[in-house]
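Working notes, beginning with the structure itself.
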2 protein chains.
Amino acid sequence: MNTPSIQGKESVLDELSLSVRNESATQKICPHNSNISCASCRLNELCLPIALNKTEIHQLDEIVERNRPLKKGDHLYRQNDEFRSVFAVRSGSFKSYVLSDTGQGRVTGFYLPGEIIGMDGIASKHYSNSTQSLEHSSICEIPFSQLEKLSHQLPNLQHHFFAIMGNEIAKDQQIHTLLSSYSAEERTASFLLGLSSRYARVSLSPTRFLLPMTRSDIGEYLGLTVETVSRIFTSLQKKGLIEVNNREIELTDLSALRAIIGVDTC
Amino acid sequence: MNTPSIQGKESVLDELSLSVRNESATQKICPHNSNISCASCRLNELCLPIALNKTEIHQLDEIVERNRPLKKGDHLYRQNDEFRSVFAVRSGSFKSYVLSDTGQGRVTGFYLPGEIIGMDGIASKHYSNSTQSLEHSSICEIPFSQLEKLSHQLPNLQHHFFAIMGNEIAKDQQIHTLLSSYSAEERTASFLLGLSSRYARVSLSPTRFLLPMTRSDIGEYLGLTVETVSRIFTSLQKKGLIEVNNREIELTDLSALRAIIGVDTC
DNA sequence: AGTTATTATTGATCTAGAATAAGGGCTTGC
DNA sequence: GCAAGCCCTTATTCTAGATCAATAATAACT
């Protein structure tokens, strides 16, 4: 490896590595520490409390259960578990996946701080996938029946939760298009740009971050094999669009990446 | 063609063709005729009014706009139009699609009677795709701001609309898995079985129906080319699992079709 | 009814990405 | 500190499905 390692568990964080180690960075924004209210959470402008006033946030706060942090690999819930709650990521990251008949999993989504997990279970009352922590993470659990009750009292919350679900639907349909007509390189570029803007949303660098997931996870998510993902990474690096070192990634030419997926770069 | 044509526009419908011509059949269930209330609509047990009592249905009825029927090819809305309403299919069928940069469209969804269209626009306030009628169809338009207001008054309606959106999310994630890991034959089998159960839902034959969409539409939806879809149809027919004549299709061996996608056939 | 445009089928070739194989670097646990 | 697993990369071969091409069948238009 020709750049200094930033993987050391207890390494002292300098300016550079701080901007890269997303887990630590999200800790700053929204600690694993459970003694935090929605009102004081740094994510409250992106998460469920958005558009709520102080009184309303307090009411939401009452129904949120702040569970103890999850270790890497811990499950939030498993496929077919009874649906009880949706979850807001406070720090860390998660992946959802289903097990195919052949035993191997297929990743259906990744979740970063401020994002909502578990809405696939609302209709059938059972989760349709399993969801697992990708690193040391913390979560806010929102019992759905109480969220419904509160939404009924707070039109703002109802409106916003409709919007969150609508957003999930729009996002899923974009992925549908991605998978049904884009090449491996286009899918990968789109994936990286998607992560970029999601990190930007939580005030992290949009051009330098650590991938919380394996190449295999990315492949399963994008309908590609590990080998192809690895090859595309190498090839994008050779073209000078990205810089990769294991999980560390830098997007060195955003507009060229956008050009790959056919977005006008103005 | 070696089976009697059932495509004749004004042909007198006999027992057989009645069960096959879905457009006409759905007319019986829920006519193009606009003078019908939710209370009397044959779809009210599957559509928005589900779980509402008589008074509540009447309230919903007040906000529903029953537009004049759409001809084949008519647009319900276009990509980037301002989001104002969601729509319930009363009869006929629709497809949603986005135009890729290369000009060719990619189909993101098909909608049959009793299904809800347009939820992708809720978050961004603009429709993220265009939606077009595939045949002579009729629609109920539900202005979203009024639906929100009414949902606030009727907990049942709020609950049910959360469920409808949750169902859309779960369905989209299933398609994600389908596209990222299934073969052309598996995708096609899954698509046919999906249509089958959706027709069954509106009391039409689950084994004999007319495809409202072209092979090309199916291909765009499943991430395949027209040629591949056509070849898979031919091959499934040779294996005796289906019987195809142009748009007319019969699923002659449901359990074998299920076996293709790895579902235990009990 | 006859013409044109769209839709569907079938065959022949080509290619993007899968599968297979194999080695090396990290991480984890004893 | 060493061993056992992962995880990632790279090279080689192979194949499912795309692309190209041509024709036939249907539907739509005048």
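To find a chain, count down the sequence lines: A is the first, B the second, and so on, and within it residues start at 1. Everything numeric in this text was worked out from a predicted model, so none of it was measured.
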Who pairs with A:E243 by side chain to side chain donor-acceptor pair (under 3.5 Å), at least two apart in sequence or on another chain?
A:Q237

Whole-Å distance separating the [atom1] atom of [X] from the [atom2] atom of [N]:
X      : N      : atom1 : atom2 : result
A:E248 : C:dG25 : CD    : P     : 18 Å
B:R106 : D:dA18 : CZ    : C1'   : 11 Å
A:F233 : D:dT10 : CZ    : P     : 13 Å
B:H136 : D:dA27 : NE2   : P     : 18 Å
B:N246 : C:dT9  : CG    : C1'   : 11 Å
A:L134 : D:dC7  : CG    : C1'   : 14 Å
A:I218 : D:dC7  : CD1   : P     : 12 Å

Note, B:S96 side chain near B:Y111 side chain (heavy atom, < 4.5 Å):
yes

So if I take every side-chain heavy atom of B:A184 and compare against D:dG17, C:dC26, C:dG17, which nucleotide ends up nearest?
D:dG17

Identify, with sequence neighbours excluded, every residue that meets salt bridge (charged side-chain N to carboxylate O under 4.0 Å, His left out) alongside [X].
X      : result
B:E250 : B:R208
B:E168 : B:K171
B:D74  : B:K71
A:D217 : A:K95

OP1, OP2 of [N] versus side-chain N and O of [X]: anything below 4.0 Å?
X      : N     : value
B:T214 : C:dT6 : no
A:S216 : D:dC7 : no
B:R215 : C:dA8 : yes
A:R247 : D:dC8 : yes

Any base atoms under 4.0 Å from [X], or only sugar-phosphate, or nothing? Heavy atoms, all strands.
X      : value
A:G219 : nothing
B:K72  : sugar-phosphate
B:G73  : nothing

Not counting sequence neighbours, which residues clear ring-ring contact (aromatic ring centres under 6.0 Å, His included) with A:F233? List them please.
none

Quick one: ring-ring contact (aromatic ring centres under 6.0 Å, His included) partners of B:Y127, sequence neighbours excluded?
B:Y77, B:F83

Less than 4.0 Å between a side-chain N and a carboxylate O, is that true for B:K239 and B:E185?
yes

Hey, can you pull the residues of residues 224-232 of chain A with a non-hydrogen atom under 4.0 angstrom from DNA chain D?
A:E227, A:S230, A:R231

Angle of first-five versus last-five pair axes in the helix from C:dA1-D:dT30 to C:dA22-D:dT9, to 10 degrees:
50°

